[in-house]
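Read the numbers this way: they start at 1 and go in the same order the structure lists the ligands and their atoms.
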Amino acid sequence: MTASSARPAIVYASVHHGNTAKLAAILAAELSADLFTAEEAAGFDGRARELVGIGSGIYFGRHHRSLLRLVDHWEHPPRTLFIFSTAGLPILRCWQHAALRRRLRRKGCRVVDEFSCRGWDTVGPLWLMGGINRRHPDGADLERLRQFVRRLPRS
Ligand SMILES: Cc1cc2nc3c(=O)[nH]c(=O)nc-3n(C[C@H](O)[C@H](O)[C@H](O)COP(=O)(O)O)c2cc1C
């Protein structure tokens, strides 16, 4: 990993159905960003990056533990970030992003915007009925994501 790269970067985890991986791929393409899993980003030097997006599915009301752990141990965090997620209930975004947002702010990072959309969810008994949010993220979700990217502040 190059310490000096100024390119944007996307750091993500996607462990349930690959829902968030779809967002991460679009973000990387739209921003011409480098794409890292949380594991690949260990030791990541974000200081020179103009913008970093960090996200995952939501599991029990928070982002994936690999992302929370990464931020807790981030020696050189990026200055400017945005948060993204897919979730069974994205309407709870403000609350479900809080654990990650709090950690980032504690590290002195500026969180400039946040995005969440529906993701196919078959956790627990939902599996019996085929889950909720089948086929999400869908084309409309991904178009909203592209519009979100266009509104992001760039330094
Ligand atoms: C173990 C588990 C716990 C979950 N907890 C929540 C939750 O608290 N709130 C929510 O909105 N969605 C919850 N979900 C749904 C996931 O956030 C959703 O399916 C997401 O799109 C998964 O992303 P991924 O496929 O990238 O891993 C949960 C899913 C799993 C498997």
Undergrad: Donor-acceptor pair, Glu40 side chain versus Thr37 backbone, under 3.5 Å?
TA: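 Yes.
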
Undergrad: Is a donor from one side chain sitting under 3.5 angstrom from an acceptor on the other, for Ser56 and Thr20?
TA: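 Per modelled atom types, Ser56 and Thr20 side chains form no pair under 3.5 Å.
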
Undergrad: Does an N or O anywhere in Gly18 fall below 3.5 Å from an N or O of ligand 1?
TA: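 Such a contact does occur with ligand 1.
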
Undergrad: Residue-level breakdown please: for Thr20 versus ligand 1, do any non-hydrogen atoms fall below 4.0 Å on the side chain, on the backbone, on both, or on neither?
TA: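 Both backbone and side chain.
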
Undergrad: So, the side chain of Tyr12 versus the backbone of Ile10: is there a donor-acceptor pair under 3.5 Å, distance only?
TA: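 Judged by distance alone, no pair lies under 3.5 Å.
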
Undergrad: Could you tell me whether Gln96 approaches ligand 1 through its side chain, its backbone, both or neither, with non-hydrogen atoms closer than 4.0 Å?
TA: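 Answer for Gln96: side chain.
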
Undergrad: Between Ser14, Gly55, Ala24, flag the one that comes closest to atom 24 (P) of ligand 1 by a heavy atom.
TA: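 Result: the heavy atom closest to atom 24 (P) of ligand 1 is in Ser14.
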
Undergrad: Is a salt bridge present between Asp141 and Arg118, judged by a nitrogen-to-oxygen distance below 4.0 Å?
TA: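 Salt bridge flag = no for Arg118 with Asp141.
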
Undergrad: Under a heavy-atom criterion of less than 4.0 Å, does Val15 contact ligand 1?
TA: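 Flag set, Val15 near ligand 1.
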
Undergrad: Of the protein's non-hydrogen atoms, which lies at the shortest distance from atom 25 (O) of ligand 1, and what is that distance?
TA: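 Answer for atom 25 (O) of ligand 1: His17 N, 2.7 Å.
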
Undergrad: Do me a favour and list the nearest non-hydrogen protein atom to atom 20 (C) of ligand 1 with residue, atom name and distance?
TA: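 Nearest protein contact, heavy atoms only, for atom 20 (C) of ligand 1 is Thr86 OG1, 3.3 Å.
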
Undergrad: Any idea which protein heavy atom is nearest atom 19 (O) of ligand 1, and the distance to it?
TA: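 That would be Trp120 O, 2.8 Å.
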
Undergrad: Out of Trp95, Tyr59, Tyr12, Phe60, who gets a non-hydrogen atom closest to atom 27 (O) of ligand 1?
TA: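 Checking each option, the heavy atom nearest atom 27 (O) of ligand 1 is found in Tyr59.
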
Undergrad: Considering only the protein, which heavy-atom contact is closest to atom 2 (C) of ligand 1, and what is its distance?
TA: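 Heavy-atom neighbour on the protein nearest atom 2 (C) of ligand 1: Val123 CG2, 3.5 Å.
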
Undergrad: Would you check, one step at a time, whether the test ring-ring contact (aromatic ring centres under 6.0 Å, His included) holds for Trp120 with His136?
TA: CA-CA 5 Å; Trp120 182 30; His136 286 272; over 10 Å; no

Undergrad: What is the closest protein heavy atom to atom 17 (O) of ligand 1, and at what distance does it sit?
TA: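 So the nearest neighbour among protein heavy atoms is Ile58 O, 2.5 Å.
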
Undergrad: Salt bridge check: are Glu114 and Arg101 linked by an N-O gap of less than 4.0 Å?
TA: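 Salt bridge present between Glu114 and Arg101.
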
Undergrad: Would you call the rings of Phe44 and Trp74 parallel, tilted or perpendicular, taking 30° and 60° as the class edges?
TA: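 Ring orientation of Phe44 relative to Trp74: tilted.
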
Undergrad: Evaluate Phe148 against Phe82 for ring-ring contact (aromatic ring centres under 6.0 Å, His included), listing each step before the verdict.
TA: CA-CA 11 Å; Phe148 167 85; Phe82 66 91; 5.6 Å; yes

Undergrad: At a 4.0 Å threshold, what atoms of ligand 1 neighbour a non-hydrogen atom of Leu89?
TA: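 Selected atoms, number and element: 10 (C), 11 (O).
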
Undergrad: Between Gly88 and ligand 1, does any nitrogen or oxygen pair lie at a separation below 3.5 Å?
TA: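 Yes, at least one N or O pair falls under 3.5 Å.
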
Undergrad: Checking His17 against Thr122: is there a side-chain donor and acceptor pair closer than 3.5 Å?
TA: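 Yes, a side-chain donor-acceptor pair sits under 3.5 Å.
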
Undergrad: Return yes or no for this condition: an N or O of Gly61 is under 3.5 Å from an N or O of ligand 1.
TA: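 So ligand 1 has an N or O lying under 3.5 Å from an N or O of Gly61.
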
